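Sequence positions, counted from 1, serve as the residue numbers for this chain. These numbers come from a predicted model, not from an experiment.
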Amino acid sequence: MLVQLQALLRQKLLILGSLALGSVLYLVTRVGTLDRLQPICPIESRQFPPQPEQVPLRPLHFKRGLLHELRKGNATKEQIRLHNLVQQLPRAIIVGVRKGGTRALLEMLNLHPAVVKASQEIHFFDNNQNYARGIDWYRGKMPFSFIHQITIEKSPAYFITEEVPERIFKMNSSIKLLIIVREPTTRAVSDYTQVLEGKERKNKTYHKFETLAIDSSSYKVNAKYKAVRTSIYTKHLEHWLKFFPVEQFHIVDGDRLISDPLPELQLVERFLNLPSRISQYNLYFNATRGFYCLRFNIVFSKCLAGSKGRIHPEVDPSVVTRLQRFFHPFNQKFYQITGRRFDWP
């Protein structure tokens, strides 16, 4: 009986072994056949609807740490080489306007993983001595970045300096230009306030705003006063338009950037052809400061310098009204040229 059971078991094992061997041979043959076959419709040749060019964001998670070390001078040449980091000329420049919110705009755009900012104002195009040092000197002032990131610098003096548009055009005729503006009278008072603070810090006296903004002999607005002249946006923009088409400019509402920044930042993302990455999570209102602060991640956040948001001096209401009337026709022309309207008096 035992011998019969052993014989039956051997027979079953032989059958199972044969089936297993047959299955293996079949799979080997099948895989070989598949290797020789081409898909009927290869993925590479499929027709998909055209998609906008996307910035590869996955490697940019390294950005904060590594680029921060570079700015501090702690990164090695080997790290630079391994990550293919380069110093690129800017593909976008915030050219103005002074006291319009240029620093806030630059810092907020730096929330985007595809953006790298030049921390300091370079003053390459508006400073003859710097400009004479050449384009390689300018490039050397730029931060290290990944090749697919966009470098942005800001120097608000560019907007009102006559030589700058042509100089930037010679560097890159297709560059994107950002102009951030505020209500012209408010901007002029803010401009005055910054200068006043500097004078007081040096224990120097300074004229009242009304004395500078209104000509004492004619009682007309003093358009030669720099704070007033800078607020005549259309005058300066018309000079830029001799070199660049209006499509290469994006006008940012500086007043809205203070009160509700996200919509303005999303418009800039679109203008720069960047995927939308800045969200409400990145912006939180600081009630003590009265301004929005920036949140990069769960660990790192920052607010703008304490010098931002200075308290303006009281200005004679009649002078404010006179300035608003003076700026009104220039504002209307600015709306017409740029295609963007503001609720300015």
Side-chain angles (χ1 to χ4, degrees), residues 64 94 96-112 115 117 119-121 152 154-157 159 178-202 206 208-210 212-213 227-228 230-231 233 250-269 277-317 319-321 323-324 327 331 340-345:
R64 299 298 169 199
I94 302 171
V97 175
R98 171 181 161 91
K99 306 313 299 173
T102 56
R103 172 57 60 182
L105 177 60
L106 182 68
E107 296 293 342
M108 288 179 178
L109 288 178
N110 194 51
L111 288 165
H112 199 291
V115 170
K117 68 180 173 90
S119 296
Q120 303 299 318
E121 294 180 6
I152 299 180
K154 74 104 176 174
S155 294
F159 187 60
L178 294 161
I179 302 173
I180 181 167
V181 294
R182 297 187 67 193
E183 191 279 314
T185 302
T186 303
R187 195 222 64 82
V189 175
S190 180
D191 198 332
Y192 166 83
T193 304
Q194 178 169 312
V195 176
L196 175 65
E197 185 181 274
K199 296 285 187 182
E200 290 176 341
R201 199 182 301 121
K202 298 176 182 178
Y206 196 48
K208 291 185 67 177
F209 176 78
E210 293 87 342
L212 296 168
V228 171
T230 300
S231 285
Y233 304 138
H250 178 73
I251 309 301
V252 180
D253 186 341
D255 294 308
R256 193 183 183 200
L257 193 73
I258 295 172
S259 62
D260 187 18
L262 184 58
E264 286 299 314
L265 295 173
Q266 290 173 333
L267 289 174
V268 177
E269 284 179 322
R277 287 296 181 273
I278 302 175
S279 69
Q280 198 62 58
Y281 169 81
N282 301 118
L283 304 159
Y284 67 95
F285 187 77
N286 186 312
T288 304
R289 301 289 301 277
F291 283 91
Y292 277 88
C293 294
L294 317 178
R295 182 186 291 116
F296 290 86
N297 52 48
I298 197 170
V299 176
F300 179 54
S301 62
K302 69 179 291 187
C303 292
L304 297 180
S307 60
K308 303 301 176 183
R310 298 178 180 90
I311 298 174
H312 294 179
E314 291 284 340
V315 177
D316 185 335
V319 172
V320 171
T321 301
L323 283 167
Q324 289 172 344
F327 288 125
N331 295 342
R340 181 157 196 187
R341 300 190 66 84
F342 298 93
D343 295 327
W344 297 339

>> To the nearest 0.5 Å, what is the distance between CD on Gln194 and NZ on Lys99?
In response: 4.0 Å
>> Just to verify, what does Glu210 make a side-chain hydrogen bond (donor to acceptor under 3.5 Å, both in side chains) with, not counting sequence neighbours?
In response: none
> Can you check whether Leu283 reaches Leu111 side chain to side chain, under 4.5 Å on heavy atoms?
Replying inline: yes
> Shortest non-hydrogen contact from Phe300 to Asn297?
Replying inline: N-OD1, 2.6 Å
> Is it true that Arg340 and Glu264 make a salt bridge, defined as a side-chain N closer than 4.0 Å to a carboxylate O?
Replying inline: yes
> Is there a side-chain contact between Pro261 and Phe285 (heavy atoms, below 4.5 Å)?
Replying inline: no
> Are the side chain of Ser301 and the backbone N or O of Arg295 linked by a donor-acceptor pair below 3.5 Å?
Replying inline: no
>> Can you give me the closest heavy-atom contact between Phe296 and Asn282, atom names plus distance?
In response: O-ND2, 4.2 Å
>> According to side-chain hydrogen bond (donor to acceptor under 3.5 Å, both in side chains), who are the partners of Ser190, at least two apart in sequence or on a separate chain?
In response: none
>> As an exercise, state the distance from CG of Leu262 to CG of Leu257, rounded to the nearest 0.5 Å.
In response: 10.5 Å
> Who passes side-chain hydrogen bond (donor to acceptor under 3.5 Å, both in side chains) against Lys208, sequence neighbours left out?
Replying inline: none
> What are the two closest non-hydrogen atoms of Pro345 and Asn331, and how far apart are they?
Replying inline: O-ND2, 4.1 Å
> Which atom pair, heavy atoms only, marks the closest approach of Leu323 to Val228?
Replying inline: CD2-CG2, 4.2 Å
>> I want to check something: taking the side chain as every heavy atom from C-beta on, are Ile278 and Val268 in contact at a cut-off of under 4.5 Å?
In response: no
>> Is the ring pair Tyr192/Tyr206 parallel, tilted or perpendicular, if the boundaries are 30 and 60 degrees?
In response: parallel
> Going by an N to O cut-off under 4.0 Å, is there a salt bridge joining Glu183 and Arg187?
Replying inline: no
> Quick one: are Leu304 and Tyr292 in side-chain contact, heavy atoms under 4.5 Å?
Replying inline: no
>> According to salt bridge (Lys or Arg N to Asp or Glu O under 4.0 Å), who are the partners of Arg98, at least two apart in sequence or on a separate chain?
In response: Asp191
>> Restricting to non-hydrogen atoms, name the atom on Asn286 and the atom on Cys293 that form the minimum distance, rounded to 0.1 Å.
In response: CB-SG, 3.6 Å
> If you measure from CD1 on Ile94 to NZ on Lys117, what distance do you get to the nearest 0.5 Å?
Replying inline: 10.5 Å
> Hey, does Val195 have a side-chain heavy atom less than 4.5 Å from the side chain of Phe209?
Replying inline: no
> Can you check side chain to side chain contact (heavy atoms under 4.5 Å, CB included) on Val252 and Val181, steps first, answer last?
Replying inline: CA-CA 6 Å; Val252 180; Val181 294; over 6 Å; no
> Run the side chain to side chain contact (heavy atoms under 4.5 Å, CB included) check on Ser259 and Phe291 step by step: do they pass?
Replying inline: CA-CA 8 Å; Ser259 62; Phe291 283 91; over 6 Å; no
> Would you say the side chain of Glu269 lies within less than 4.5 Å of the side chain of Leu265, judging by non-hydrogen atoms?
Replying inline: no
>> Evaluate Glu200 against Leu196 for side chain to side chain contact (heavy atoms under 4.5 Å, CB included), listing each step before the verdict.
In response: CA-CA 6 Å; Glu200 290 176 341; Leu196 175 65; 3.8 Å; yes
> After noting the C-alpha distance and the side-chain angles of Phe342 and Ile251, does the key distance pass the side chain to side chain contact (heavy atoms under 4.5 Å, CB included) rule?
Replying inline: CA-CA 11 Å; Phe342 298 93; Ile251 309 301; 3.8 Å; yes
> Can you name the side-chain hydrogen bond (donor to acceptor under 3.5 Å, both in side chains) partners of Thr102, sequence neighbours left out?
Replying inline: Lys154
> Do Ile180 and Val97 have side chains that get closer than 4.5 Å, going by heavy atoms?
Replying inline: no
> What pair of heavy atoms forms the shortest contact from His312 to Thr186, and how long is it?
Replying inline: CE1-O, 3.9 Å
>> Rounded at 0.5 Å granularity, tell me how far CE in Met108 sits from CG in Asn110.
In response: 12.0 Å
>> List the residues meeting salt bridge (Lys or Arg N to Asp or Glu O under 4.0 Å) with Lys302, not counting sequence neighbours, and say none if there are none.
In response: Glu107
> In this structure, are over 12 heavy atoms from other groups packed under 6.0 Å from Gln280 atom CD?
Replying inline: yes
>> Just so I know, are the side chains of Leu267 and His250 near enough to count as touching, which here means a heavy-atom distance under 4.5 Å?
In response: yes
>> Nearest 0.5 angstrom please: Leu178 CG to Leu109 CG, how far?
In response: 7.0 Å
